[in-house]
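Below is one structure, written out as C-alpha cells, with a few remarks after it.
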Amino acid sequence: MRISPTLRPHYLLTALCLVLSLAAARDGRAQPPALPALQADLSQTSVSGLSSGAFMAGQFAVAYSGIVVGAGLVAGGPYYCAGYPGVWPYIPYLANAMSSCMNPGEAHSAPPVAVETWRAAQVFAKEGRIDDTANLKRQKVYLFSGTSDQTVTRPVVDQTFKFYQLAGVPTGQLAYVADVKAGHAIITDRNTDQACALTGPPYINDCDFSQAGDILRHIYPQLNPPSAKLSGKILKFNQRAYIRGYLSSMSNTAYAYVPAACASAACRVHVAFHGCRQGAQAVGDHFYAKTGYNELADSNRIIVLYPQVEPSALYPYNPRGCWDFWGYTSVNPFLPDFYAKSGVQMAAVKSMLDRLAAPRK
C-alpha cells in the first residue's frame, strides 16, 4: 500500500506513538514495586559501606549529618578525598581518587590530607551545600583497614580517622580496627565465604567475625542478639523513581530488608553501600542478603536499605560500578557536586529515606 505524501507525517507520528506506548507498557510491566512508606524514624539513620561504598557512606554522613547518627567505613578515605591535592580552578578529581585515595605508595603520591578535607567540609557547610559540621561530634564512627588490603591502604584510612578527630568526634565514639589480616572486603563469620586475606569478587571474606554486626553494635549500643530466622523479607523496589536525570549510573532496581515489626512500628534505617564490582548485577544477592546486616536488623527494628549502582561504559564513565566519590555523575567534571546534598546519588538515597519515613497509608 502506498501512503499519500500528505498523510505520511500523520502515519509516522501514529507509528511513533504506538512504539512509545508499547515501550511504556512493557516498561510498566517490568517495573518492580514501589518502596513502601513505613513511617521510619530518620533521626536515627546510619550508614556503612565498603571501598567506594565507604567513601559514599562517609560523604552521606557528612552531607546529611543532621539525620545520620553513625557510620561504618570499611576501607574508605576521608570526606572529599578526591578534592585534594589541587589548586582551583583545576583539581584532578579522578587522578586523586585513583592514587591518593587508594594506594598512594604504589602510585608514588601522598595520601590525602585530613586537615584540608576538614577545611573543605567547613566551607561547604557555610555555603549551605551540606549540613552543619558541628553535627559530626555526636556521630559514632567505625573504621576498618585490613592489613592485607592493597586496594585502599592504611595511610588513607588513617586520614579518615584524623578527619573525625578534627571534627571533634570523642574517642569513645570512634573505633578504628586495623589489626585483622583481611584483604579488600567486608568481613563475615561464614566459612563459605572467601579466605580472610584474599581480595577478589564478591569481596566478602570470612575472618571469623561479623563486621556488619560490629558496625551496628557500635552505632546502636545494647542491641538484641541477631535473629536465627528472619521475620521479614527482602524487598526489590523501583530505584529509578528516586533518581534525577540519566547520569547517575544507578540501577533501576534496589533492595531493602524490612523486619516484620516495621510494618506497624517506627523503625530506624541503616543504609548499606556496596563496593565497586559488588552490586547485585555483579554478585547477585551476596551483598544484600549474605553480609550479616539483616539478621541483626531483624531483631532490633532496623530497616536496611541497599541502594544499587551498576557499571556504565560510556557516559557516565563508571566501568566498575563504583559509587561516585570523584565526580563522574556531574555534567561539568571541573565543578562536580558528588560530595554535596545536591549530588545526584546523594539526593537519590535521601529521597529513598524520605519515602521510608512517609506516613503509612
Side-chain angles (χ1 to χ4, degrees), residues 23-24 26-27 30-32 35 47 49-60 63 74-77 80-83 91-102 151-152 184-186 199-204 236-256 271-288 305-352:
R26 185 167 57 250
D27 289 345
Q31 290 294 340
L35 188 63
V47 295
L50 164 69
S51 192
S52 73
F55 283 94
M56 185 63 184
Q59 285 176 183
F60 195 91
V74 181
Y80 196 58
C81 185
I91 298 175
Y93 293 99
L94 176 57
N96 292 340
M98 299 297 105
S99 57
S100 297
C101 298
M102 296 187 70
T151 304
V152 177
H184 190 67
I186 189 165
T199 293
Y203 306 99
I204 302 172
K236 179 180 180 180
F237 69 90
N238 177 13
Q239 183 175 249
R240 172 56 54 187
Y242 305 97
I243 304 169
R244 298 194 316 263
Y246 296 92
L247 298 180
S248 70
S249 196
M250 296 179 75
S251 307
N252 289 334
T253 301
Y255 305 86
V271 185
F273 294 98
H274 63 75
C276 300
R277 298 174 173 171
Q278 203 183 35
Q281 189 182 68
V283 302
D285 68 352
H286 281 276
F287 187 80
Y288 67 79
L305 180 66
Y306 296 98
Q308 297 288 307
V309 162
E310 63 187 22
S312 174
L314 295 175
Y315 190 61
Y317 184 65
N318 180 30
R320 298 185 179 185
C322 301
W323 289 96
D324 185 10
F325 66 98
W326 66 88
Y328 71 75
T329 57
S330 299
V331 175
N332 185 347
F334 297 104
L335 291 172
D337 63 350
F338 61 91
Y339 53 84
K341 292 197 287 186
S342 60
V344 63
Q345 292 180 353
M346 302 268 268
V349 174
K350 180 56 165 57
S351 292
M352 294 178 222

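What you see below is based on every heavy atom in this structure, not just the backbone, and it leaves out hydrogens, waters and symmetry mates. Numbering starts at 1 and runs along the sequence shown.
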Q: For S52 and F325, work out which heavy atoms get closest and say how close.
A: CB-CE2, 4.0 Å
Q: Identify the heavy atoms of S248 and T329 that sit nearest to each other, and give their distance.
A: O-CG2, 3.7 Å
Q | Flag if over 12 foreign heavy atoms under 6.0 Å of CZ, R320 | A | no
Q) Any side-chain heavy atom of V152 sitting closer than 4.5 Å to one from H184? A) yes
Q) Which distance, rounded to the nearest 0.5 Å, do you find between the CG of N252 and the CD of Q281? A) 10.0 Å
(Q) Once rounded to the nearest 0.5 Å, what's the spacing between atom OH of Y80 and atom SG of C101? (A) 11.0 Å
Q: Test side chain to side chain contact (heavy atoms under 4.5 Å, CB included) on T151 and M102 and set out the steps.
A: CA-CA 6 Å; T151 304; M102 296 187 70; 3.7 Å; yes
Q: Assign the ring pair Y288 / Y255 to parallel, tilted or perpendicular, where the plane angle (0 to 90°) is split at 30° and 60°.
A: parallel
(Q) So does A280 get a backbone contact from the side chain of Y306, meaning a donor-acceptor N/O pair under 3.5 Å? (A) no
Q: Rounded to the nearest 0.5 Å, what's the gap from CG on L247 to OH on Y315? Could you check?
A: 5.0 Å
Q) For S251 and E310, does a side-chain donor sit closer than 3.5 Å to a side-chain acceptor? A) yes
Q. With no hydrogens and no angle check, is any side-chain donor or acceptor of S51 less than 3.5 Å from a backbone partner on C276?
A. no
Q: With rounding to the nearest 0.5 Å, note down the distance linking CG in L305 to CZ in F237.
A: 5.0 Å
Q | W326 side-chain N/O to C81 backbone N/O, donor-acceptor pair under 3.5 Å | A | no
**Q.** Nearest heavy atoms of S342 and R244, plus distance in Å
**A.** O-NH2, 3.1 Å
Q) Considering all heavy atoms of both residues, which atom of Q278 and which atom of P202 are nearest to each other, and what is their separation? A) NE2-O, 2.9 Å
Q) About how many Å separate CH2 of W323 and CD of Q308, when rounded to the nearest 0.5 Å? A) 7.0 Å
Q. How close do A256 and L35 get, heavy atom to heavy atom, and via which atoms?
A. CB-CD1, 4.3 Å
(Q) Determine whether a donor-acceptor pair (N or O, by modelled atom type, separation under 3.5 Å) exists between the side chain of N318 and the backbone of S249. (A) no
Q) Under the 3.5 angstrom rule, does the side chain of Q239 hit a backbone N or O of M250 as a donor-acceptor pair? A) no
Q: Could you grab the distance from atom CD of Q345 to atom CZ of F338, nearest 0.5 Å is fine?
A: 11.0 Å
Q.
Can you confirm whether L50 sits close enough to Y203 that some side-chain heavy atom of one is under 4.5 Å from a side-chain heavy atom of the other?
A. yes
